[in-house]
Every structure is written in structure tokens, then in C-alpha cells.
2 protein chains.
Amino acid sequence: MTDKLQQSFKALADPSRREILLHLSKQDMTIKEVSEHFDMTRAAVKKHLTILQQGNLISIEKSGRERINSLKPEGLKTVTNWMAYFDSFWDQKLNNLQQAMTNYTQEKDQIKK
Amino acid sequence: MTDKLQQSFKALADPSRREILLHLSKQDMTIKEVSEHFDMTRAAVKKHLTILQQGNLISIEKSGRERINSLKPEGLKTVTNWMAYFDSFWDQKLNNLQQAMTNYTQEKDQIKK
DNA sequence: TTGACAAGATACCAAAAGGTATCATATATT
DNA sequence: AATATATGATACCTTTTGGTATCTTGTCAA
């Protein structure tokens, strides 16, 4: 089994799956209910739901003959954490930009003298 | 051409490509330099770099006979923005949890009376 | 208990993804 | 000018992915 991070990223890489997450953000739904929002078979939707579950983005719990799918934060948190590594990088980029602008300003001042 | 969001998510969905981003966060690199960090052909690495570029995660600029690959914020910002939609959802979840705890506390208080 | 109905399980298929090998082109270097 | 080097461009191969069709199982309801 590949690691959690990979499964979360993989789960998010498909537009149908991201759309499912949007639907589930409004209300929990059975597999059939999710399917009704898409132009594909229930079996295909179920596959997507399984992948979302493996990516820790939803939980699926049994209730009678139904399966209730509901959103779950863990997966998104995992990818957010990974992306946070780059925060300092972007900051650095912004600092460089600001530095460049400062230099430019000073240069102009010197010309004025 | 699929939309920007999809291309960014797609680009991030491969572990090699995420690793490339980590390398580029330390320094800009030519295609050959990136390749040296991986156990695959230069051609394969180039494909990954192209996909990263399409996902707005890096920029590739020509310099003589070389191509300098450097990190670029736009792509990550795009996915961050998408994920931000769910912030309120997680807040809601936390509120529900807090509400449940409050009720529980009140219940205990009533029992005490 | 006997149909409906929701979901599980497989088998199968076409397209996309990740990779290699190979040849061509552009730019340095001597 | 001739050679080495960095990259571009294709063709090709295997595995994964997204999807369907079909059959079985579990559960609700009359």
C-alpha cells in the first residue's frame, strides 16, 4: 500500500472525485444519492468513493442496507501539511521581490541627487 | 485543454513530481541536473517537468542550450484556494463537536441539581 | 416470505500515464 | 570546422485508471 500522502493526492486528482467532495460538503449521502448527481453508473461512483476513503477524505459507514458517505478532514490536512513546506519558499520569493523594489527606489534616489 | 485547477492537481498527484518540486525549492536546476536525482531517463524527467509547467508549478526558461527549471507559486495557490472552500466545513464540524460537548456539560449540571 | 431495492464483487474494455529507446537539433568548446 | 553536450521529438511498450455490464448478497417492506 502506498503512503497516505500519495493516496490523498491521488484521490484529489480526479475532477469527479473533487465534485463528490463538494456535494458531500452540503450533506452526507448514500452511494445511490451521490450517483444521482453524475452521468455514470453506481459502480463507477462507488469506485470513486472507495478511492476517496483510501485518501482519508471521506468516511463510509454502514446503516442498514445503505452506506452513508461523509466528509472527513484528515486527507485535506495531510496535503495541506505537505504544501506548507513551500510557504517559506514563497515568502523568500516575495522578499526577493521586495528587495529588488527597494534597490530600485534607492537607485532612483541616487539619480535625483 | 483541461482547466488550470485540474492540471495543478494532476501535476501534484505523482510522487516523482512532488519530489522534483522539493529539489527545486532548494535551487533552480537544468533538466539534466534534475535527472541526476532520479533513477529514470532524462526523457522521463522532462515529461514530468512539462506536466509541472502545465500545472503552473514551475517555469522553464531557456538559457543557451539549457533549460532552467524554477519553482513557481501559482499552481499551489490554485489548489490551496480550492481547498479553502472546505475551511468552513471543518469549522462547522468543530462547532458541532463543541456544541455536543456543551450539551453534555449542561446535562451533567442538570443531573447535579 | 417474497419481491423490491441498495450495495458488493467480478470480469472486461479503452484510454491515459509513466517509462524506455532512438534519432534529430541547437549550442558550446576545442 | 569538428566534436561534445543539452535538449527536442517520436515511436513504442506496459500498467494504471475510469468506466461498463453482469451477477450475487443483504436488507427493507408489503
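Just so we're on the same page: letters track the sequence lines, and every chain starts at 1. FYI, side chains are in, hydrogens and waters are out, and symmetry mates aren't considered; it's all heavy atoms of this structure. Just so we're clear, the structure is a prediction, and the values are computed from it rather than from any experiment.
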List the atom pairs, with distances to 0.1 Å, where a side-chain N or O of residues 75-83 of chain B and a protein N or O form a donor-acceptor pair under 3.5 Å, not counting sequence neighbours.
from: B/T78; atom 1: OG1; to: B/E74; atom 2: O; distance (Å): 3.0
from: B/T80; atom 1: OG1; to: B/L76; atom 2: O; distance (Å): 2.8

Can you tell me how far the CD1 atom of A/I51 sits from the CG atom of A/D14, to the nearest 0.5 Å?
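Nearest 0.5 Å value for the CD1-CG distance: 7.5 Å.
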
To the nearest 0.5 Å, what is the distance between NZ on A/K4 and OG1 on A/T2?
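Taking NZ in A/K4 and OG1 in A/T2, the distance rounds to 10.0 Å.
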
Identify the 5'-most and 3'-most nucleotides of DNA chain C with at least one atom closer than 4.0 Å to a non-hydrogen atom of chain B.
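First and last nucleotides in contact are C/dA17 to C/dA28.
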
side-chain hydrogen bond (donor to acceptor under 3.5 Å, both in side chains) partners for [X], two or more places apart:
X	value
A/H48	A/R17
A/R67	none
B/T50	none
B/E19	none

Atom NZ of B/K46 and atom P of D/dT5: how far apart are they, to the nearest Å?
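Rounding to the nearest Å, NZ of B/K46 and P of D/dT5 are 20 Å apart.
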
What is the distance from CD of A/Q54 to C1' of D/dG18, rounded to the nearest Å?
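Between C1' of D/dG18 and CD of A/Q54: 14 Å.
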
B/P15: side chain to side chain contact (heavy atoms under 4.5 Å, CB included) partners, not counting sequence neighbours
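B/P15 satisfies side chain to side chain contact (heavy atoms under 4.5 Å, CB included) with A/Q6, B/R18 only.
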
Rounded (10°) bend between the five-pair end axes of the helix from C/dT1-D/dA30 to C/dT30-D/dA1
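Rounded value for the end-axis angle: 30°.
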
Cut-off 3.5 Å, no hydrogens considered: what does the side-chain donor-acceptor table look like for residues 34-43 of chain B, sequence neighbours left out?
from: B/S35; atom 1: OG; to: B/I31; atom 2: O; distance (Å): 2.8
from: B/H37; atom 1: ND1; to: B/E33; atom 2: O; distance (Å): 3.1
from: B/T41; atom 1: OG1; to: B/A44; atom 2: N; distance (Å): 3.3

Where along nucleotides 19-30 of chain D does protein come under 4.0 Å, by heavy atom, of base (B) or sugar-phosphate alone (S), with - for untouched nucleotides?
BBB----BBS--

If you find the nucleotide of DNA chain D closest to B/N69 and the one closest to A/K10, which residue's nucleotide is nearer the 5' end?
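Going by which nucleotide is closer to the 5' end, it is B/N69.
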
Taking only residues two or more places apart in sequence or in another chain, which ones pass ring pair (Phe, Tyr, Trp, His ring centres under 6.0 Å) with A/Y85?
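With neighbours one apart ignored, the set is empty.
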
